[in-house]
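Data first, discussion second: the structure below is written as structure tokens.
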Amino acid sequence: MSTIIAPRGTRDILPCESYKWSYVINTAAETMNDFGFNEIFIPLFEHTELFARGVGETSDIVEKEMYTFTDRGGRSITLRPEATAGVMRSALENNLCAQGNFAKLWSYGPMFRYERPQKGRYRQFYQIDAECLGIQGAEADIEIIDLSIELFKRLGLKNLEIVLNSVGCEKCRPVYREKLVNYFKQHESELCETCLNRLDRNPLRILDCKKEQCGKISDNAPDIYDSLCDECKDHFKNLRDGLERLGFTYKINKRLVRGLDYYTKTAFEILSGDLGAQNAVCGGGRYDNLAEAAGGSHLPGVGFACGLDRVIIVMEEQGCNFGEIPAPKIYVVARDDEARANSQIITHKLRANKIAAVNDISGRSFKAQMKAANNCKYICFVNAAGELELKNISDGVQKNLSLDEIIECLKK
RNA sequence: GUGAAUGUAGCGCAAUUGGUUAGAGCUUCGGAUUGUGGUUCCGGCGGUUGAGGGUUCAAGUCCCUUCAUUCACCCCA
């Protein structure tokens, strides 16, 4: 019988790494709080229909990447491939934006997509998510981008690039779409096979094709900015002005077409040069039609998703700080075998006073205990008679103290 | 889903190109020395060479299958 291993594309975040994840999540929680975003917990799975309708039938995610199964009640269920649709569903279901109110929400957790794993890409991967619902104006877009940049700044990430685009709305996108199709039809013979496929289903994505021949054709394709309606033009201008007022530099990329169908107007990505081919650490944009697609009433929104796995890879490569590696404050060393019971009692009492304490519970030698104690700040020696000595490891000072005195000393 | 590379102690690696009982290092455990730890020295544990099949007198090494990892394509966080 072979031993069972983790499924492809999943992995364990082991203790030697998990503290880094806690650090990033804690930093995110602080940042979100400073921006007035409230944490929300939503299910890891939803009705398949939510993603099919919300994310879009023609998106790659829905077409080939979802973990979908039928539950025992015959319902079609899907492990969430992204968070926005679920947050939107929850906001509608719980009337978070009733009576013209808005909601600023954040969340984090695992997402699931059936893809071939590679650097910075897993089948179960983690995202930090922020969504601002109920606000039509570009101030919300600006705040969302500001928030993502501030988060990365606090994490110490360097060499990031903001890439910006507008993909229009339900009024102007069809017009642009038609122009595009007409243009590409003239060059049908030169397009690659996948792009030919996109021509009918999702022509905007041809702009995103990285093949050289398609790229050349796209270079002369109609410009989306010529097709934007006045509202979208204004929105995009307000966004750019706002970002400049905050001192951000960004790049416009007309080729930036988010893979999820629900995006309208603003689309943005934050890229890092320190990843491989999967260089986006954060992606987001505005989705004013998602609520209706999910069967609700009109509710505009803008948000981002930040790839935790990728952020941590970049932070490691850039030598960023992950805070202190957690270690107990004090190690209770049994002087001999007869003192072992006492070491457990003392440890128990220290913990009851909220002092992080450990003792050896594996029968190790005195020397081994001393060695293990080396990553603590203090050592407490115990003998069979229950007498205690406290040693400060950094300066080597050691003195006889009662348990109460030790607790008093460590609480400072 | 496609392509390429890789898979040997817990970890990172070696094994004279097919040849005897698969080796050191780090880690771990024990001992000695050091003031009772972080240095040094000695010793122990640790392996069905990813799995299955084949070729051969002989396979870690060659062939096939399979699983997995890594990187890239596609796409995305």
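Scope of the values below: all heavy atoms of this structure, side chains included, with no hydrogens, waters or symmetry mates. Throughout, protein chains are lettered first and strands after them, A, B, ... in sequence-line order, and every chain is numbered starting at 1.
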Using whole Å, report how far [atom1] of [X] lies from [atom2] of [N].
X        : N     : atom1 : atom2 : value
A/Ile313 : B/U70 : CD1   : C1'   : 12 Å
A/Arg123 : B/U69 : CZ    : C1'   : 13 Å
A/Leu79  : B/A77 : CG    : P     : 18 Å
A/Gln118 : B/C74 : CD    : P     : 10 Å
A/Asp12  : B/C11 : CG    : C1'   : 16 Å
A/Ile5   : B/A51 : CD1   : C1'   : 10 Å
A/Gln369 : B/U28 : CD    : C1'   : 16 Å
A/Lys119 : B/A72 : NZ    : C1'   : 12 Å

Test your reading of the model: is there a side-chain donor-acceptor pair from [X] to the backbone of [Y], 3.5 Å cut-off?
X        : Y        : result
A/Asn359 : A/Val332 : no
A/Ser90  : A/Gly86  : no
A/Ser365 : A/Ala368 : yes
A/Asn342 : A/Ala384 : yes

If you measure only the distance, is there a donor-acceptor pair under 3.5 Å linking the side chains of [X] and [Y]?
X        : Y        : result
A/Gln124 : A/Tyr126 : yes
A/Ser402 : A/Glu405 : yes
A/Arg240 : A/Tyr250 : yes

Review point. Can the ring centres of A/Trp106 and A/Phe35 be said to be less than 6.0 Å apart?
Key: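 Here the rings of A/Phe35 and A/Trp106 have centres that are no less than 6.0 Å from each other.
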
Check your understanding: Does the ring center of A/Phe236 lie less than 6.0 Å from the ring center of A/Tyr225?
Key ->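 Here the rings of A/Tyr225 and A/Phe236 have centres that are less than 6.0 Å from each other.
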
[N], OP1 or OP2 - any side-chain N/O from [X] closer than 4.0 Å?
X        : N     : result
A/Ser365 : B/C29 : no
A/Arg364 : B/C29 : yes
A/Arg8   : B/C67 : no

Review point. So what does A/Tyr108 hit on the nucleic acid, given a heavy-atom distance under 4.0 Å: a base, only sugar-phosphate, or nothing?
Key: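 Contact class for A/Tyr108: none.
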
Practice item. Using a heavy-atom cut-off of under 4.0 Å over every strand shown, decide if A/Glu65 touches base, sugar-phosphate, or nothing. Key: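 If one applies the 4.0 Å heavy-atom cut-off, A/Glu65 turns out to touch the sugar-phosphate alone, with no base involved.
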
Whole-Å [atom1] distance, [N] and [M]:
N     : M     : atom1 : answer
B/A24 : B/A15 : P     : 15 Å
B/C67 : B/G60 : P     : 24 Å
B/G46 : B/G25 : C1'   : 14 Å
B/U8  : B/U61 : C1'   : 11 Å
B/G18 : B/C11 : P     : 28 Å
B/U36 : B/G31 : P     : 14 Å
B/U49 : B/C62 : P     : 15 Å
B/U20 : B/U66 : P     : 32 Å

Review point. Under 4.5 Å between any side-chain heavy atoms of A/Thr68 and A/Ile77, yes or no?
Key: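 Not in contact.
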
Point to revise | Minimum side-chain heavy-atom gap A/Leu79-A/Glu46 below 4.5 Å | key: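 When only atoms from C-beta onward are counted, A/Glu46 and A/Leu79 do not touch, as no gap falls below 4.5 Å.
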
**Study point:** A/Glu82 or A/Pro7, whichever maps to the more 5' nucleotide of RNA chain B
**Key:**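 So the residue in question is A/Pro7.
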
Point to revise | Structure string for RNA chain B in dot-bracket form, Watson-Crick and G-U at under 3.5 Å, | interchain | key: (((((((..((.(.....[...).)).(((((.......))))).....(((((..]....))))))))))))....

Review point. Centre of A/Tyr114's six-membered ring, under 6.0 Å away, within 45 degrees of the axis: is that where NZ or CZ of A/Arg123 sits?
Key: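 Output yes; distance and angle both within limits.
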
Review point. Partners of A/Lys237 by side-chain hydrogen bond (donor to acceptor under 3.5 Å, both in side chains), sequence neighbours excluded?
Key: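 Testing A/Lys237 for side-chain hydrogen bond (donor to acceptor under 3.5 Å, both in side chains), a comparison that skips the adjacent residues, returns A/Asp241.
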
Point to revise | Sub-4.0 Å heavy-atom contacts from residues 282-289 of chain A onto RNA chain B, ordered by number | key: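 The stretch gives A/Cys282, A/Gly283 as the residues lying under 4.0 Å from the strand, ordered by number.
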
Check your understanding: Taking only residues at least two apart or on different chains, which pairs with a member in residues 299-312 of chain A satisfy salt bridge (Lys or Arg N to Asp or Glu O under 4.0 Å)?
Key ->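 The answer is A/Arg11-A/Asp309.
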
Practice item. Enter syn or anti for the glycosidic conformation of B/U17, syn applying to angles within 90° of 0. Key: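 Here B/U17 takes the syn form, which means its glycosidic angle is within 90° of 0.
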
Check your understanding: Where the side chain of A/Pro117 is concerned, which of B/C71, B/U70, B/A77 is the nearest nucleotide?
Key ->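 Of the candidates, B/U70 comes closest.
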
Review point. From the list B/C74, B/A77, B/G30, which nucleotide is the closest neighbour of the side chain of A/Ala368?
Key: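 For A/Ala368, the side-chain atoms sit closest to B/G30.
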
Practice item. Just say parallel, tilted or perpendicular for the rings of A/Phe366 and A/Phe381, cut-offs at 30° and 60°. Key: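 Correct class here is parallel.
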
Please write out the pairs of protein N or O atoms and N or O atoms of nucleotides 36-41 of chain B separated by less than 3.5 Å, giving the distance to one decimal.
from, atom 1, to, atom 2, distance (Å)
B/U36, N3, A/Gln398, OE1, 3.2
B/U36, N3, A/Gln398, NE2, 3.3
B/U36, O4, A/Gln398, OE1, 2.3
B/U36, O4, A/Gln398, NE2, 2.2
B/G37, N2, A/Asn374, OD1, 2.3
B/G37, N3, A/Asn374, OD1, 2.6
B/G38, O4', A/Asn374, ND2, 3.4

Point to revise | Full working for side-chain hydrogen bond (donor to acceptor under 3.5 Å, both in side chains) between A/Ser227 and A/Lys179 | key: CA-CA 9 Å; A/Ser227 300; A/Lys179 280 191 200 169; 2.9 Å; yes

Polar atom pairs between nucleotides 3-7 of chain B and protein, under 3.5 Å, N or O only, would you list them?
none

